[in-house]
Amino acid sequence: MAEATVNSSRPTDDGSVHGGLPTDRLLEAYRWMVLARVIDERALSLQRQGRIGFYAPLSGQEAAQVGAAFALRAEDWVFPAYRELAVALVRGAKLRSILDQLIGNSTDLANGTQMPNHFAFRDQNFVSASSPIGTQITHAVGAAMAAQRRHDPIVTISFFGDGATSTNDFHAGLNFAGVFQAPTVFFCQNNEWAISLPRKRQTVSRTLAQKAEAYGFPGVVVDGNDVNAVYLAVAQARRRAIGGEGPTLIEAQVYRFGPHSTSDDPHRYRTNEQVAAARERDPIHLLKARLMGTRALDEPGDQKIWEAARATLASAIEEAEKVPPIEPGTLFENVFARPTPRLETERAQCETFLEHGGEKK
Amino acid sequence: MTELTLVQAVNRGLQEAMRQDPDVLLLGEDIGVNGGVFRATEGLYKEFGAERVIDTPLSETGIVGAAIGMALYGLKPVAEIQFMDFIYPAFDQIVSELAKLRYRSGGQYPCHVVVRAPYGGGVKGGLYHSQSTEAFFCHTPGLKVVIPSTPADAKGLLLTAIHDEDPVMFFEPKRIYRSVSGEVPEGDHRVPFGEVRLVREGTDVSVFAYGAMIPPAVEAADSLARDGISAEVVDLRSLVPLDERAVVASVEKTGRAVVVHEAARFCGFGAELSAILAEQAFYSLKAPIARVTGYDTPFPYALENLYLPNAEKIEAAARSAVRAG
């Protein structure tokens with residue numbers, strides 16, 4: 001049960017768990033990572049221009065997210081936090097749908113209810129994210145228990161950060177998963193910062209993965225900048241869960257390059273030098289070097305990937321911004337399966353207010 | 001029909017739902033082998049096994065969080081919180097997650113969990129085995145909140161809750177778990193939400209109550225009747241959604257309202273009920289709306305009978321309303 005470390009093995013062509021991802025899959029991973037990075041950069045400027053209300057960047061965590069998502073199957077269930085944009089992309093969420101949610105327009109699948117980054121994509125088994133920290137961890141365990149009861153050969157996976165390991169739900173979730181041998185994977189992206197609090201002030205545990213030991217199942221530390229290593233760790237944890245061997249806690253060690261969110265100024269609590277040092281191991285640069293080393297990629301090819309990502313994003317933004325704003329009546333939808341008489345009354349009052357020249361949207 | 005106590009009726013409601021649908025399962029502390037500290041789940045572990053009557057570790061956030069995950073996946077979990085007083089570790093799960101999942105996902109992820117919890121005083125339970133904090137949950141959009149006061153309603157509302165599509169907080173008046181018994185229909189007996197139960201008709205004053213406050217309200221009405229005052233007793237039983245039309249109609253008829261609950265007065269459910277009456281029945285009122293509630297103190301141990309509303313207090317409030325106009 002001791003904590004283990006997964007090291008990346010050389011990529012091979014067979015795509016097996018032991019060998020890691022074959023070259024074509026690595027190249028595919030690289031495209032997703034670049035797209036996520038491009039979205040991040042563009043979203044920060046969209047927020048500053050007032051075109052979206054908020055943004056929580058994921059720069060530095062692309063390999064961890066794409067690697068984990070690559071190890072999952074479509075029928076598995078993802079319980080994300082609010083930084084898992086790259087996971088959503090790999091799961092098949094449409095870029096347009098992501099933009100719709102960031103804007104909160106009338107085609108937003110979440111009906112304009114949530115601030116940006118709090119995605120829900122039912123078709124991708126990507127469960128609705130919330131802002132409270134760690135609450136999704138127990139949900140993933142409960143869903144895994146349900147899958148177990150129905151004998152469905154699937155796993156659930158919860159995504160959370162280093163800060164979440166201090167929460168009630170982290171403890172409750174891991175404890176329940178151990179007791180009930182739930183087929184679930186706990187995927188912690190330790191990005192060293194919970195807003196301003198450094199990892200070492202979150203807990204004095206030597207690693208976060210070692211916490212699994214207390215719950216009676218393995219904890220694994222993995223280099224979260226290495227997409228292949230992450231893929232291997234999650235694939236192995238998935239195999240254990242499917243095989244009835246119970247849960248695994250994975251600590252993917254990464255670094256949050258950007259601010260916690262567009263409302264945060266990281267200069268108050270960390271230096272540029274620290275960030276620059278972390279950027280030396282930028283997951284995108286590492287994967288690019290690896291692909292160039294095997295001649296799967298060259299500079300012109302790389303340029304094309306970045307340009308294609310920017311072009312795809314630009315047209316998705318253009319489309320999403322053309323969509324009409326959300327209708328006021330949607331305010332009252334989905335509170336309950338069917339509106340209560342009180343909600344019907346309030347909806348009518350709101351309509352009257354608008355008809356009499358009240359606030360226009 | 002069978003004569004049952006209220007807690008037995010809860011048990012039969014759970015049993016009926018579990019027999020109807022293999023997706024219904026229970027989770028909570030001491031509910032399996034032990035049958036629940038109030039025996040609400042007695043015999044169910046034996047009938048349905050450890051997979052459907054799940055004894056969990058001691059963690060309310062774990063119980064409700066796991067139940068949410070199960071519900072998202074398609075099961076119909078009924079979570080038991082041993083006492084309402086211990087629900088707060090799960091408050092975040094209930095208020096931030098359970099209540100909001102349907103809304104925040106644009107209807108993609110409805111989440112139907114029933115959370116059962118015994119509540120209320122009169123059992124020498126002191127601070128942490130006596131409270132009535134239903135108002136917290138009534139104040140949270142997305143939750144339905146029901147409280148039975150009879151065995152038939154306990155079973156009927158519980159079956160409706162389990163077959164509903166929305167999250168339901170099902171609070172059980174533990175003080176009358178065994179002291180109240182009555183006829184309960186066999187089989188799939190359901191009582192719809194959003195309808196009051198008219199306990200007795202009257203013309204002079206309306207007494208609104210629920211749960212363990214119904215017996216003292218009826219006792220007060222009996223006493224008032226001896227003096228020729230006709231009190232209508234209305235069991236609200238479904239706090240969300242509330243049968244506002246029936247509440248308003250009752251006061252339009254009687255012109256006087258007494259609102260009763262065990263919880264502290266300030267911002268209690270009675271405050272909302274009073275506001276509804278002030279908004280919708282103002283011109284029918286002949287007297288100020290009266291509230292008979294717990295005091296705005298924590299729930300006491302030695303002085304709980306002084307703290308709790310009783311027939312005497314309800315009667316006094318009704319008489320004073322009748323005298324006023």
Side-chain angles (χ1 to χ4, degrees), chain A residues 77 79 101 108-114 118-123 126-132 134-150 152 156 158 167-169 171-173 175-180 182 184 330 333-343 345, chain B residues 22-23 25 27 51-52 54-75 77 79 89-90 92-93 95-113 141-144 164-167 193-194 240-245 276:
Chain A
W77 280 49
F79 290 78
Q101 199 279 332
D108 172 18
L109 292 170
N111 235 4
T113 54
Q114 290 230 70
H118 295 61
F119 304 114
F121 298 115
R122 174 114 207 164
D123 290 346
F126 189 92
V127 180
S128 169
S130 71
S131 302
T135 44
Q136 73 279 16
I137 297 173
T138 45
H139 303 169
V141 175
M145 290 167 72
Q148 197 175 34
R149 168 159 172 69
R150 287 191 169 169
D152 292 343
T156 68
S158 49
T167 65
N168 301 340
D169 281 283
H171 166 61
N175 192 44
F176 270 53
V179 167
F180 296 110
T184 194
T330 61
E333 289 173 8
N334 296 308
V335 181
F336 295 108
R338 274 168 296 283
T340 57
R342 169 155 285 265
L343 281 167
T345 304
Chain B
D23 282 342
L25 51 79
L27 62 168
E51 278 193 13
R52 292 181 69 194
I54 305 169
D55 275 322
T56 68
L58 204 164
S59 169
E60 286 75 17
T61 191
I63 293 167
V64 178
I68 289 171
M70 290 174 170
L72 290 169
Y73 199 79
L75 300 184
D92 195 19
Q93 284 292 349
V95 168
S96 304
E97 304 294 327
L98 183 57
K100 293 176 173 58
L101 265 154
R102 180 189 291 275
Y103 192 75
R104 79 180 196 217
S105 65
Q108 294 180 88
Y109 284 104
C111 187
H112 168 51
V113 173
L143 297 176
K144 292 178 175 172
D164 203 83
E165 294 173 80
D166 296 309
F193 291 173
V240 181
L242 180 67
D243 189 350
E244 294 182 37
R245 195 177 296 176
I276 288 169

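- Counting heavy atoms of neighbouring residues, nucleotides and ligands inside a 6.0 Å radius, atom CZ of A:R122 exceeds 12 of them.
- A donor-acceptor contact shorter than 3.5 Å links the side chain of B:D166 to the backbone of A:A337.
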Original post:
Is there a side chain to side chain donor-acceptor pair (under 3.5 Å) between A:S130 and B:E97 once you walk through the steps?
Top reply: CA-CA 8 Å; A:S130 71; B:E97 304 294 327; 2.6 Å; yes
Subject >> Evaluation steps, side-chain contact (heavy atoms from CB on, under 4.5 Å), between A:T345 and B:E244 >> reply: CA-CA 12 Å; A:T345 304; B:E244 294 182 37; over 6 Å; no
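- Of the two parts of A:V141, neither the backbone nor the side chain holds a non-hydrogen atom closer than 4.5 Å to a non-hydrogen atom of chain B.
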Original post:
Between A:F79 and B:L72, is a side-chain contact (heavy atoms from CB on, under 4.5 Å) present by the stated rule, with each step listed?
Top reply: CA-CA 11 Å; A:F79 290 78; B:L72 290 169; 3.9 Å; yes
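- Contacts between A:T340 and chain B at a heavy-atom distance below 4.5 Å involve the side chain alone, from C-beta outward.
- Only the side chain of A:F180 comes within less than 4.5 Å of a heavy atom of chain B; its backbone N, CA, C and O stay farther away.
- For the pair B:P241/A:R338, no side-chain contact is recorded, criterion being any heavy-atom separation below 4.5 Å from C-beta on.
- Heavy atoms closer than 4.5 Å to chain A are found nowhere in B:L58, neither backbone nor side chain.
- Nearest heavy atom pair, residue B:Q93 against residue A:T135, reads NE2-O, 3.1 Å.
- The contact between B:K144 and chain A is made by backbone and side chain atoms together, counting heavy-atom distances below 4.5 Å.
- Heavy-atom distances place the side chain of A:Q114, and not its backbone, under 4.5 Å from chain B.
- Proximity of A:F176 to B:I63: side-chain heavy atoms (C-beta onward) are separated by under 4.5 Å at one or more points.
- Closest of all the heavy-atom pairs between B:Y109 and A:W77 is CE2-CZ3, 4.1 Å.
- Nearest heavy atoms, B:G106 versus A:N111: CA-CB, 3.9 Å.
- Side-chain contact between B:I276 and A:R342 is present, with at least one heavy-atom pair separated by less than 4.5 Å.
- Ion pairing of A:R150 with B:D23 is present here, as a side-chain N (NZ or NE/NH1/NH2) and a carboxylate O approach within less than 4.0 Å.
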**OP:** Output, in order, the C-alpha distance, side-chain angles, deciding distance and verdict of side-chain contact (heavy atoms from CB on, under 4.5 Å) for A:F336 and B:V240.
**Re:** CA-CA 11 Å; A:F336 295 108; B:V240 181; 4.2 Å; yes
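- If you measure heavy-atom distances from A:A129 to chain B, the contacts under 4.5 Å come from the backbone alone.
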